[in-house]
Protein chains: 2
Amino acid sequence: MPTGASSHLLKKLDMLISVRKRVKAGSIIYHTGSQFHAIYAVKSGFIKTEILHEDGRMQITGFYMSGEILGFDGIATDHHICTSIALENSEICIIPLSWIERFNQGSDELQRHFYKLMGREIVRDHTIMLLLGSMQTEERVAAFMLNLSQRFQARGLSPYSLTLRMKREEIGSYLGMKIETVSRILTKFQEQGLLEVQQKNIRILDMNGLKRAISQSPEI
Amino acid sequence: MPTGASSHLLKKLDMLISVRKRVKAGSIIYHTGSQFHAIYAVKSGFIKTEILHEDGRMQITGFYMSGEILGFDGIATDHHICTSIALENSEICIIPLSWIERFNQGSDELQRHFYKLMGREIVRDHTIMLLLGSMQTEERVAAFMLNLSQRFQARGLSPYSLTLRMKREEIGSYLGMKIETVSRILTKFQEQGLLEVQQKNIRILDMNGLKRAISQSPEI
DNA sequence: GACATGATTTGATAGATATCAAATTGACAT
DNA sequence: ATGTCAATTTGATATCTATCAAATCATGTC
């Protein structure tokens, strides 16, 4: 899974762009159907994006933390297909479309960076498709924890001590399973000595064990 | 689901680019790990892309038909994360990265188009994530058939008569289910009078019935 | 501290899908 | 036509996950 820290570009953007905004936990950054006019870089905090099907079904499509960029879902149609909501008090950088286009005219490098950022979103999505389409629930949860661990580590935090900002239900939605299943698997991992679970605080006790939990597919 | 016909840009590209190539059924257009240097527009035929997990698991991430563009999975890391294989004799346009960048310098409109094309891939991926994460197998198959139907229609073909270019196993991989399940559901749909199935030829008998098959999720 | 509320966990059971095995079909070469 | 091989379908069963119900826990309020 991609670590997601796009430090190189973000440093550039940081110098160029200073349209920062604070968003409170629970507040909506953009919602489905709204006009697309910017992408958003997370400076601090935790953001989720979710997509809604006509029949009312909803699925969380991503969790974004500092250094990651959301909002690309609006480019294709000029309207966002997702809703993005802050999971805690967060700080975001607003990067208007017009800026992107203007910068691109001037800089080959920046232009290529934006392509890469979008490309990263595509890679991330494909990884999730693989996860949802061909892994079992335990494997998905293990992959999720390892992914979070890597992203924490990429930010200078401990890869062994995770503070979840989302509810069990949101993990379940993201991973395509019910809340009870998430809970049971966390309990099981704890019993196996892979994790220590205390509400939203997860301690990874056996990193290799978690990795093994992914690879042990029934087939092959 | 997105229809995927990006006729507007493709007409432009058609005039600008004439690096066409014929690919035989079964041949690989690019493979996982290979250097990214171009994206590919399908002129005719049918292409699949698949992603491979370290432990050997494989999943098909997309089927591409005329007017659709593949290869964006390589932009993020400069190396493709998918392998793309022609499902029948096909014709593709090779659009080198260098051309894209050169064009963008000159034309705002083309530049925006490329962003939109990548954005479309992201929307497509999110739709599949929703499908894999929160639909049951019957609903997924129904959604798949309706999606194909729309894409056939967008190309001037009958939306009621579908010729599948992929095997049942490939449908299963794409939809996150086993081949037997695909087969059983097609049989069931046929018994319900929704479809007429003759090997790879599908006739849609009840379009609204298929749509209803998607929306009837157990929960609301 | 007792209470109210929402989140999470746990248990029992039902339902959906995978697995395994076998039969059938189709395409193609001989 | 006949045989061969791959693809597909079908059936019986096992496994996994969801569902429903209840208990427990955490948090904030009075």
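All values reported here derive from a predicted model rather than from experimental measurement. Convention: sequence-line order gives letters A, B, ...; per-chain numbering from 1.
- The NZ-P distance, from A:Lys167 to D:dA26, rounds to 17 Å in whole Å.
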Which atom pairs, donor and acceptor, lie under 3.5 Å between side-chain atoms of residues 189-210 of chain A and protein residues at least two apart or in another chain?
unit_1: A:Gln190; atom_1: OE1; unit_2: A:Val197; atom_2: N; d: 2.9
unit_1: A:Asp206; atom_1: OD1; unit_2: A:Asn208; atom_2: N; d: 3.4
unit_1: A:Asp206; atom_1: OD1; unit_2: A:Gly209; atom_2: N; d: 2.7

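- In this structure, B:Lys178 places its NZ atom 16 Å from C1' of D:dT8, rounding to the nearest Å.
- Not counting sequence neighbours, A:Glu180 has no partner by the salt bridge (Lys or Arg N to Asp or Glu O under 4.0 Å) test.
- Between the side chain of B:Glu180 and the base of C:dC20, a donor-acceptor pair under 3.5 Å is found.
- Between B:Thr137 and C:dT17 there is a side-chain polar atom (N or O) within less than 4.0 angstrom of OP1 or OP2.
- When distances run from any side-chain atom of A:Thr181 to the nucleotides D:dT17, C:dT10, C:dT19, the shortest one goes to D:dT17.
- Remark: B:Arg184, B:Gln199 in residues 184-206 of chain B come within less than 4.0 Å of DNA chain C through at least one heavy atom.
- For A:Ile179, the side-chain atoms get nearest to C:dT9 when compared with the rest of D:dT8, C:dA18, C:dT9.
- Protein atom CZ of B:Arg140 is 8 Å distant from nucleotide atom P of C:dA18, rounded to whole Å.
- The distance between atom CG of A:Leu164 and atom P of C:dT9, rounded to the nearest whole Å, is 10 Å.
- For the helix from C:dG1-D:dC30 to C:dT30-D:dA1, the terminal axes (five pairs an end, C1' atoms, rotation from four pairs onto the next four) enclose an angle of 30°, given to 10 degrees.
- Separating the CD atom of A:Gln136 from the C1' atom of C:dA16 is a distance of 14 Å, rounded to the nearest angstrom.
- Taking B:Arg184 as the reference, nothing meets the salt bridge (Lys or Arg N to Asp or Glu O under 4.0 Å) condition, with sequence neighbours excluded.
- In this view, B:Glu169 satisfies the salt bridge (Lys or Arg N to Asp or Glu O under 4.0 Å) rule with no residue, not counting sequence neighbours.
- Judged by distance alone, with hydrogens and angles left aside, the side-chain atoms of A:Thr83 form no donor-acceptor pair with the main-chain N or O of A:His31 at under 3.5 Å.
- For A:Thr77, the side-chain contact (heavy atoms from CB on, under 4.5 Å) criterion is met by A:His79, not counting sequence neighbours.
- Side-chain N or O atoms of B:Thr49 include one that pairs as donor or acceptor with a backbone N or O of B:Gly62 at under 3.5 Å.
- The distance between atom CE of A:Met177 and atom P of C:dT17, rounded to the nearest whole Å, is 15 Å.
- For B:Lys167, there are no salt bridge (Lys or Arg N to Asp or Glu O under 4.0 Å) partners at least two apart in sequence or on another chain.
- Considering only side-chain atoms of A:Arg168, the nucleotide from D:dT9, C:dT17, C:dT9 that sits closest is C:dT9.
- Here D:dT8 presents its P atom at 8 Å from CD of B:Glu169, a figure rounded to the nearest Å.
- Residues satisfying the side-chain hydrogen bond (donor to acceptor under 3.5 Å, both in side chains) criterion with A:Asp125, sequence neighbours excluded, are B:His126.
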